[in-house]
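Lettering follows sequence order; numbering is per chain, from 1.
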Amino acid sequence: MSAHPVRLYDSLRRQKVPFQPVVPDRVGVYVCGPTPYAAAHIGHVYSAVCFDTIRRGLIFLGWQVTYVRNITDVDDKIINRARETGQDPLALSAHFTDEYNADMARFAVLPPDVEPRVSTHIAEIIAITQKLVDAGKAYVVDGDVYFEVATFSAYGRLSGQSVDDLVAGERVAVDERKRAPADFALWKAAKPGEPAWDSPWGRGRPGWHIECSAMSATHLGETFDLHGGGKDLVFPHHENEIAQSQGAHGTHTFARYWLHNGFLNFDGEKMSRSEGNVFSCTQIEREVGTEALRFYFVSHHYRSPIDFEYVATRDAAGALLDVKFPSLEAADRRVEYFYTTLRRNDDFVAQGGDGGEGAVVPEAEQLVPAARDAIADDFNAPVVVAALGEAARLANRLLDEGKGVDKALRRRSLARLGRDLRAVGWALGVLGADPAAYARARRDRLVRKRGLDVAQVEGLLAARAEARKAKDFARADALRGELTALGVEVLDTPGGTDWRILDGAPA
RNA sequence: GGAGCCGUAGCCAAGUGGUAAGGCAGUGGUCUGCAAAACCACCAUUCCCCGGUUCAAAUCCGGGCGGCUCCUCCA
């Protein structure tokens, strides 16, 4: 089976274009990963989820994907943090790398096929730097090596900047030793206490940017398919990568398509520690569950910025007491709907079979092609989410109204819908859990948040069951009222009475 | 100062030339001892404003207004 064709928005061309791979049916993807110097926050999650969803989408469409996501483990931020805490910089970044990967796994982000680190690619970085020096595109000053931007005429094409404007807008003090203000470091001479390696220019360490040129060439080749990253990386990081890579390897090499995800904003403001809107992965998991965040993210197109809603309760001094995420709670309810549907569907198929081979109702065949079309059109995940909703509604309708439909046809259709909901869910990184496990985890989380006494709830439920059995509906309703006051919703089903936490109930 | 993005119903959000997906909330209904869940129906003559191009514009062009981002090693 050959891969389904894809159209994608290329940041460099600034338009949607048909994707042409270097090698048929294969895609090499390089995504700029984290610089691990502190715990990951939901901004990291958004970036990781955007490209994970693109990766899953490509796989769903039949492409053989090689996914490379680097770790920048040698960097000023890491060195500074290590100095503050008295740790070894590489040990510190290794620690936060492990934490980062564990955090991303919670949000169903697949591990990369290759996860290269700066510290293990020093030789490759030196080699490409040497190539640039030899070609007269970089120069050495006091053990530093700088890329000379003037040697690359296309500089600024990706970001829409002109070199002259960059000089005019320069806000940081210009290093007088550089030939031009826009020139940037490929290699930095060692300073005391910093990690350093031997090089032809003396001991030192790589500058920022060069590692991605070296590592992408090493693992994907000098020309590869897709390069991704956050919009903030367009300038200078990606611009510099292009200049370095093409300077070293030739003009028409490097990434054939550039993908950039939008940023997360918070009530119109940028995320920052001082605003108190840097939310951790653990905090999200505790408040709304990880799948709610993933579902919320894939309900937006990856290129659009997300204005992230939160409601903070603060004390008189302005310190944060509590944070709520209403839009994530809504996403969690929607996720619950899908799992409830899957659970009903699973039970139905498990009890009476899948109807064997044969046709299904026509609407039940629409989910996969609809998802395929949406993914193939610049990875339009929100449209896939809509298609999932249509399919779940159809499943519920078939489950509700069996009469008038051929028995085996109905079973086949439902079995098909159950499979396809999961397959398409996989493409978005959602609906991968066991429905019962999801329901349990959700209830446990809400019980914990509300500080509910489960034994008390179960006692009231038992009493109500007695009353109902005795047809004492007045008493049953009174008990329901008590449970409602506790924030518990009682669900009478043919299979018995279940309960859940009432949404919006007092904490 | 330079570069770029965005403005679609009460809210969230697709749609980039062919006559407004989907979700939340809301209203009515089916079902139910009562509920909930689920399902059905209704819910933008219109896409920030003003011009223009076109047989046709939310989509293209010009001009406003409003919000945001990058140029600060922040994902």
Can you tell me if [X] touches the phosphate of [N], counting only side-chain N or O atoms and a distance under 4.0 Å to OP1 or OP2?
| X | N | value |
| --- | --- | --- |
| A/Arg334 | B/rC24 | yes |
| A/Ser304 | B/rA14 | yes |
| A/Lys231 | B/rC70 | no |
| A/His301 | B/rA14 | no |
| A/Asn380 | B/rG15 | yes |

Checking base pairs now: Watson-Crick or wobble, both atom distances under 3.5 Å. What partners [N]?
| N | answer |
| --- | --- |
| B/rC5 | B/rG67 |
| B/rA38 | B/rU30 |
| B/rC73 | none |
| B/rA25 | none |
| B/rU19 | none |

Taking the [atom1] atom in each of [N] and [M], what is the distance between them to the nearest angstrom?
| N | M | atom1 | value |
| --- | --- | --- | --- |
| B/rU16 | B/rG10 | C1' | 27 Å |
| B/rA21 | B/rG33 | C1' | 40 Å |
| B/rU54 | B/rC61 | P | 16 Å |
| B/rC11 | B/rC5 | C1' | 22 Å |
| B/rC47 | B/rG18 | C1' | 16 Å |
| B/rA9 | B/rC43 | C1' | 9 Å |
| B/rG17 | B/rU30 | P | 45 Å |
| B/rG7 | B/rA75 | P | 27 Å |

Taking the minimum atom-to-atom distance to the side chain of [X], which one of [options] wins?
| X | options | value |
| --- | --- | --- |
| A/Val383 | B/rA3, B/rA21, B/rA75 | B/rA21 |
| A/Leu233 | B/rA21, B/rA75, B/rA3 | B/rA75 |
| A/Arg480 | B/rA35, B/rC73, B/rA21 | B/rA35 |
| A/Asp75 | B/rC73, B/rA75, B/rG22 | B/rC73 |
| A/Arg500 | B/rA13, B/rA36, B/rC73 | B/rA36 |
| A/His41 | B/rG33, B/rA75, B/rC70 | B/rA75 |
| A/Asn265 | B/rA35, B/rU69, B/rA21 | B/rU69 |

Any donor-acceptor N or O pair under 3.5 Å, side chains [X], [Y]:
| X | Y | result |
| --- | --- | --- |
| A/Tyr339 | A/Asp434 | no |
| A/Arg177 | A/Tyr146 | yes |
| A/Arg106 | A/Thr282 | yes |

Measure the distance from [atom1] on [X] to [atom2] on [N] and round it to the nearest whole Å.
| X | N | atom1 | atom2 | result |
| --- | --- | --- | --- | --- |
| A/Asp378 | B/rG15 | CG | P | 8 Å |
| A/Leu293 | B/rC12 | CG | C1' | 15 Å |
| A/Asp332 | B/rC24 | CG | P | 13 Å |
| A/Leu259 | B/rA75 | CG | C1' | 15 Å |
| A/Asp307 | B/rU8 | CG | C1' | 16 Å |
| A/Asp472 | B/rC34 | CG | C1' | 13 Å |
| A/Phe308 | B/rA75 | CZ | P | 17 Å |
| A/Glu329 | B/rA25 | CD | P | 13 Å |

Please state whether the base of [N] and the side chain of [X] form at least one donor-acceptor pair under 3.5 Å?
| X | N | answer |
| --- | --- | --- |
| A/Arg464 | B/rG33 | yes |
| A/Arg14 | B/rG4 | no |
| A/Asp477 | B/rG33 | yes |
| A/Asp492 | B/rC34 | yes |

Would you classify [X] as touching base, sugar-phosphate or nothing, given that sugar-phosphate means primed atoms plus P, OP1 and OP2, and contacts are heavy atoms under 4.0 Å?
| X | answer |
| --- | --- |
| A/Lys16 | sugar-phosphate |
| A/Val490 | base |
| A/Ser327 | nothing |

Inset, instruction - Hey, could you give me each pair passing salt bridge (charged side-chain N to carboxylate O under 4.0 Å, His left out) that has a residue in residues 294-303 of chain A? Not counting sequence neighbours. - result: A/Asp52-A/Arg294, A/Arg303-A/Asp378
Inset, instruction - Go through the structure and list residues passing side chain to side chain donor-acceptor pair (under 3.5 Å) with A/Arg468, not counting sequence neighbours. - result: A/Asp492
Inset, instruction - Take the angle between the ring planes of A/Phe184 and A/His209 and call it parallel below 30°, perpendicular above 60°, tilted in between. - result: perpendicular
Inset, instruction - Classify the ring geometry between A/Phe338 and A/Phe295 as parallel (under 30°), tilted (30 to 60°) or perpendicular (over 60°). - result: tilted
Inset, instruction - Could you say whether A/Trp208 or A/Ala386 is positioned toward the 5' end of RNA chain B, judged by the nucleotide with the nearest heavy atom to each? - result: A/Ala386
Legend entry - Nearest-nucleotide comparison on RNA chain B, the residue closer to the 5′ end among A/Ile306 and A/Cys32: A/Ile306
Legend entry - Base of B/rA3 and ring of A/Phe235 stacked, centres under 5.5 Å, planes under 30°: no
Legend entry - Charged tip of A/Arg55 within 45° of A/Tyr67 ring normal and under 6.0 Å: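 Ring-cation test returns yes.
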Inset, instruction - Using atom types as modelled and distance alone, determine if a side-chain donor or acceptor of A/Asp75 lies under 3.5 Å from a backbone N or O of A/Trp208. - result: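 No, A/Asp75 side chain to A/Trp208 backbone: no donor-acceptor pair under 3.5 Å.
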Legend entry - Donor-acceptor contact present, side-chain A/Glu291 to main-chain A/Leu431, <3.5 Å: yes
Distances under 3.5 Å between protein N/O atoms and the N/O atoms of nucleotides 38-42 of chain B, please, pair by pair.
| residue | atom | partner | partner atom | Å |
| --- | --- | --- | --- | --- |
| B/rA38 | O3' | A/Asn396 | ND2 | 3.2 |
| B/rA38 | O2' | A/Arg344 | NH1 | 3.4 |
| B/rA38 | O2' | A/Asp400 | OD2 | 2.5 |
| B/rC39 | OP1 | A/Tyr337 | OH | 2.6 |
| B/rC39 | OP1 | A/Asn396 | ND2 | 3.4 |
| B/rC39 | O4' | A/Asp400 | OD2 | 3.2 |
| B/rC40 | OP1 | A/Arg393 | NH1 | 3.3 |
| B/rC40 | OP1 | A/Arg397 | NH1 | 2.4 |

Inset, instruction - Would you check if A/Phe379 and A/Thr53 make a side-chain contact, meaning some heavy-atom pair closer than 4.5 Å? - result: no
